[in-house]
Amino acid sequence: MTGAAQDLLLVAYGRKLPPGHLHGQASDRYVAT
């Protein structure tokens, strides 16, 4: 999974992100719908 450092930190602390912020295989797990 790749993305901006701030987005990866948010994911590390359990936050969900808007679509398009992360890329890679597991990115769908961390997207808020």
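All residue numbers refer to positions in the sequence shown, counting from 1.
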(Q) Suppose clustering is done on Ile, Leu, Val, Met, Phe, Trp and Tyr with side-chain heavy atoms closer than 4.5 Å. Which residues sit in the same group as V31? (A) none

Side-chain atoms of residues 17-27: list all donor-acceptor pairs with protein atoms under 3.5 Å, sequence neighbours left out, distances to 0.1 Å.
{"from": "H21", "atom 1": "ND1", "to": "D7", "atom 2": "OD2", "distance (Å)": "3.1"}
{"from": "S27", "atom 1": "OG", "to": "G24", "atom 2": "O", "distance (Å)": "3.0"}

Q | side chain to side chain donor-acceptor pair (under 3.5 Å) contacts touching residues 9-18 (sequence neighbours left out) | A | none

